Amino acid sequence: MHRFANPARFLRIASALFPWVSVLCALSLAAGLWFALAASPADYQQGDSVRIMYVHVPAAWMGMFCYSAMALFSAVALIWKHPLADLLARATAPIGAAFTFLCLVSGSLWGRPMWGTWWAWDARLTSMLILLFLYLGYMALADAFDDPERGRKSAAILALVGFVNVPVIKWSVDWWNTLHQPASVIKRGGPAIDSSMLLPLLLMAIGFQLYYVVVLILRVRAEIAEAKIRTLRLAAIHAAGGDDSP
Amino acid sequence: MTRKRRRLYFVLLGMLVLGGATALVLTALKDNLVYFYSPSDLAAKAVAGRRMRIGGLVEEGSVVKDGTQARFKVTDLAHDVGVRYTGVLPDLFREGQGVVIEGRLGTDGVFDASEVLAKHDEKYMPKDVADSLKKAGQWKGEAR
């Protein structure tokens with residue numbers, strides 16, 4: 001693992017991967033949207049509203065995936081003090097928050113015609129809202145200290161503590177009565193979803209996953225560049241004769 | 001023991017304790033975390049007058065509509081309870097469909113509903129697949 005913790009090596013690998021991942025991401029999103037909006041059938045009881053699911057479900061998966069990744073990166077940053085892990089965790093947070101927000105909004109738009117309500121305080125919806133607040137809290141906490149090291153440490157601990165919410169989200173529909181329906185794809189006895197609808201769903205999920213990788217690379221590259229500029233500026237100030245004024 | 005190893009064990013132990021504490025709290029609050037009670041819960045608890053939600057299937061052949069008023073029975077296949085509702089029912093509402101109803105149990109044993117929500121199941125399929133399943137006699141009910 002230590003081999004990949006080197007920012008220069010990360011940049012080299014990431015830059016080589018970047019064009020391929022971007023192209024694959026665009027292709028799978030284009031194909032996914034084509035199948036989701038045009039080339040897949042309407043549902044037997046939801047009609048065309050089922051198409052919201054092709055955005056809602058992958059967004060929910062990514063909301064949980066990004067949080068798990070953020071917690072893992074935070075643990076690595078706390079235990080082994082790898083600066084790159086910390087960068088990855090902080091770059092993941094806004095992406096995960098955006099996916100979670102998309103999931104909540106699209107779910108609300110689906111709930112109105114199907115359930116008859118925009119929102120219900122059931123266990124699944126509430127735990128997903130808590131996930132969004134955890135992301136926002138993490139981002140706020142990471143920037144809340146004058147000493148960036150303290151902010152990073154506090155945020156990493158928050159990310160780890162909040163991780164208990166992820167299994168609660170996943171199994172909330174099995175543990176308690178909820179208005180939200182139980183899992184359709186990852187369940188015992190195989191998916192309860194027709195293959196003509198599973199295909200666009202999986203294509204969209206792959207597209208969302210690759211989108212995460214693309215944006216993650218962009219964000220981490222920007223962060224590393226910023227850190228370099230800061231170091232160069234400090235060096236220039238020192239070279240100019242120890243004048244501390246900005 | 002190196003400092004890294006010590007931090008690793010500390011984090012693992014922390015997560016374990018936190019997970020255990022969460023599990024205990026969630027188990028203790030089980031009754032409050034459910035979004036609705038089943039008609040069987042209602043029969044066992046019999047809390048007339050308290051505002052609550054019940055959920056189950058709309059019993060086949062029980063729906064009587066009179067203008068905007070509707071009466072129907074909600075069942076969990078063990079117990080059932082009669083429901084009174086005035087208002088617009090959701091699109092997915094029909095006999096055999098899962099519903100969640102908010103309201104209070106009247107003294108006459110009929111549930112006075114103030115809101116009726118349709119509960120969707122986890123099945124997704126095109127209309128022609130649903131039709132051919134019905135034709136082949138493979139249909140297992142709509143909202144189970």
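Computed from a predicted model, the values in this text were never measured in an experiment. Values below: all heavy atoms of this structure, side chains included; hydrogens, waters and symmetry mates excluded. Proteins come first, then strands; the chains are lettered A, B, ... in the order of their sequence lines, and each starts at number 1.
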Measuring heavy-atom distances to chain B, does [X] have an atom under 4.5 Å in its side chain, in its backbone, in both, or in neither?
{"X": "A:P167", "answer": "neither"}
{"X": "A:M114", "answer": "both"}
{"X": "A:A120", "answer": "both"}

| said: Holding to ring pair (Phe, Tyr, Trp, His ring centres under 6.0 Å), I want the full list of residues that pass it with B:F111, two or more places apart in sequence or in another chain. | reply: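 Testing B:F111 for ring pair (Phe, Tyr, Trp, His ring centres under 6.0 Å), a comparison that skips the adjacent residues, returns none.
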| task | Could you tell me which residues satisfy ring pair (Phe, Tyr, Trp, His ring centres under 6.0 Å) with A:H180, sequence neighbours excluded, listed by chain and number? | result |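 Listed in chain order: nothing, the list is empty.
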| task | Please confirm whether A:F65 and A:F99 have ring centers closer than 6.0 angstrom. | result |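 Between A:F65 and A:F99, the centre distance exceeds or equals 6.0 Å.
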| said: Distance alone, cut at 3.5 Å: any donor-acceptor contact between the side chains of A:Y67 and A:T100? | reply: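 Judged by distance alone, the side chains do not pair up.
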| query | Pick from B:L33, B:V100, B:V11: which one has the most heavy-atom pairs with chain A under 4.5 Å? | reply |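 Top count of heavy-atom pairs under 4.5 Å with chain A: B:L33.
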| message | Distance check, rounded to the nearest 0.5 Å: B:L42 atom CG versus B:R53 atom CZ? | response |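 Interatomic distance, B:L42 CG to B:R53 CZ, rounded to 0.5 Å: 14.0 Å.
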With a 4.5 Å cut-off on heavy-atom pairs, point out which of [options] contacts chain B the most.
{"options": "A:A42, A:G111, A:A123", "value": "A:A42"}
{"options": "A:V185, A:T178, A:T117", "value": "A:T178"}
{"options": "A:I79, A:V164, A:D43, A:D194", "value": "A:I79"}
{"options": "A:N165, A:V173, A:N177", "value": "A:N177"}
{"options": "A:G116, A:S195, A:A192", "value": "A:A192"}

| query | Does a salt bridge link B:D112 with B:R104, judged by any charged N lying under 4.0 Å from a carboxylate O? | reply |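 Between B:R104 and B:D112 there is no salt bridge, as every charged N stays at least 4.0 Å from the carboxylate O atoms.
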Given side chains that start at C-beta, do those of [X] and [Y] come closer than 4.5 Å, heavy atoms only?
{"X": "B:P90", "Y": "B:L117", "value": "no"}
{"X": "A:I193", "Y": "A:L201", "value": "yes"}
{"X": "B:Q69", "Y": "B:R84", "value": "no"}

| Pairing residues for A:D48 by the salt bridge (charged side-chain N to carboxylate O under 4.0 Å, His left out) criterion, not counting sequence neighbours |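 Once residues adjacent in sequence are excluded, the partners of A:D48 under the salt bridge (charged side-chain N to carboxylate O under 4.0 Å, His left out) criterion are A:R51.
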| For the residue pair A:W121 and A:W119, does the interplanar ring angle fall in the parallel (under 30°), tilted (30 to 60°) or perpendicular (over 60°) class? |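 Perpendicular: the ring planes of A:W121 and A:W119 meet at over 60°.
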| said: Please output the residues of residues 19-28 of chain B in contact with chain A, using a heavy-atom cutoff of under 4.5 Å, in numerical order. | reply: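 Under the 4.5 Å heavy-atom cut-off, B:G19, B:T22, B:L26 qualify.
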| Under 4.5 Å from any heavy atom of chain A - which part of B:P126 |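 The answer is both parts of B:P126.
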